[in-house]
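Have a look at the structure below before the remarks.
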Amino acid sequence: MAKRIKSKAYTEWVATLPCSGCEARDGTVVAHHLKGRMSPLSGGMGYKASDWLTMPMCFTCHNKMHSGDAEFMDWQGYFILRTLDTAFNQGIIEL
């Protein structure tokens, strides 16, 4: 299994973005880690996905993810790619 990449600065920045699911900016947005899809990148038993595999989620949408809303969970890859695109465009991540 690959080493988990951690970046508190990145997850804090992700939490400043509007929710990937509903665009909310209501103060409840957190960095949600990829869950239940694209294993083993999404972690496993006692293992959380790397911090670069996060997307901004408000309380309501985050709840949908963790309650197993399959249709909503299928969008995680797109949400993560959109978050990474924003990070590159804003200079948060540089090559």
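We're numbering straight along the sequence, starting at 1. The analysis underlying the following values was restricted to heavy atoms, covering all of them including side chains, and did not include hydrogens, waters or symmetry mates.
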**Prompt:** Can you list every salt bridge (charged side-chain N to carboxylate O under 4.0 Å, His left out) pair that touches residues 77-91, not counting sequence neighbours?
**Reply:** E23-R82
**Prompt:** Which pair of non-hydrogen atoms, one from M55 and one from T83, has the smallest distance, and what is that distance?
**Reply:** CA-OG1, 3.7 Å
**Message:** So which atom in C61 and which in M57 form the shortest heavy-atom distance, rounded to 0.1 Å?
**Reply:** CB-SD, 3.7 Å
**Shared hydrophobic cluster for I5 and L53 (ILVMFWY, side-chain gaps under 4.5 Å)** = yes
**Message:** Side-chain heavy atoms nearer than 4.5 Å, only ILVMFWY residues, links allowed to pass through others: does that put I93 and V14 together?
**Reply:** yes
**Message:** With a 4.5 Å cut-off on side-chain heavy atoms, are D74 and Q76 touching?
**Reply:** no
**Asked** Does the side chain of W75 come within less than 4.5 Å of M65's, by heavy atoms?
**Response** no
**Message:** Checking H62 now: which residues fulfil ring-ring contact (aromatic ring centres under 6.0 Å, His included) with it, not counting sequence neighbours?
**Reply:** H32, H66
**Request:** Mind jotting down which residue pairs meet the ring pair (Phe, Tyr, Trp, His ring centres under 6.0 Å) criterion with at least one end in residues 4-31? Sequence neighbours excluded, please.
**Result:** Y10-W13
**Message:** Looking at F88, I'd like to know if its CZ atom is crowded, meaning that more than 12 non-hydrogen atoms belonging to other residues, nucleotides or ligands lie closer than 6.0 Å.
**Reply:** yes
**Request:** Any chance you could lay out the side chain to side chain contact (heavy atoms under 4.5 Å, CB included) test for L34 and I80, step after step, and finish with the verdict?
**Result:** CA-CA 8 Å; L34 175 64; I80 289 168; 3.8 Å; yes
**Complete:** With sequence neighbours left out, the residues meeting side-chain contact (heavy atoms from CB on, under 4.5 Å) with R4 are K6, H33, Y47, K48, S50, D51
**Asked** With D26, which residues qualify under side-chain contact (heavy atoms from CB on, under 4.5 Å), at least two apart?
**Response** A24, T28, V29, C58
